[in-house]
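Contents: one structure, followed by commentary.
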Amino acid sequence: MATASASFVMSTDGLLRIEDDGLTMPLLEASGLDFSAGTRSEALDELLSEYGVQLDPETQAFFISDVRSQSWQR
C-alpha cells in the first residue's frame, strides 16, 4: 500500500507552503473514485475551498500556500 507525505516549503518572505507529494489524488482515483464531474467533484471542490486547499492540475499535488510561519510557532 502506498502512502502520501507532506512537506513544508519556506519562501523568502516568511510564508510557508504546505504540499503533499502528488500521490493522494492518483491513489484515490486508482481505488476507483472519480472526481472529474458530478457530486464527488462538487464535494471535493467544496471541501478544498473550506480549508483553503488548492490542487495543482499539472502535478496533482494538494497545497496550501501563504501560511504565516508565525502561526506555527508556540
> Roughly how far, to the nearest 0.5 Å, is the CG atom of Asp20 from the CZ atom of Phe63?
Replying inline: 10.5 Å
Side chains of residues 46-58: which donor-acceptor pairs under 3.5 Å do they make with residues two or more places apart or in other chains?
| from | atom 1 | to | atom 2 | distance (Å) |
| --- | --- | --- | --- | --- |
| Asp56 | OD1 | Glu58 | N | 2.8 |
| Asp56 | OD1 | Thr59 | N | 3.2 |

In residues 34-45, what donor-acceptor pairs under 3.5 Å come from side-chain atoms, sequence neighbours left out?
| from | atom 1 | to | atom 2 | distance (Å) |
| --- | --- | --- | --- | --- |
| Asp34 | OD1 | Ser36 | N | 3.0 |
| Asp34 | OD1 | Ser36 | OG | 2.6 |
| Asp34 | OD2 | Ser36 | OG | 3.4 |
| Ser41 | OG | Phe35 | O | 3.4 |

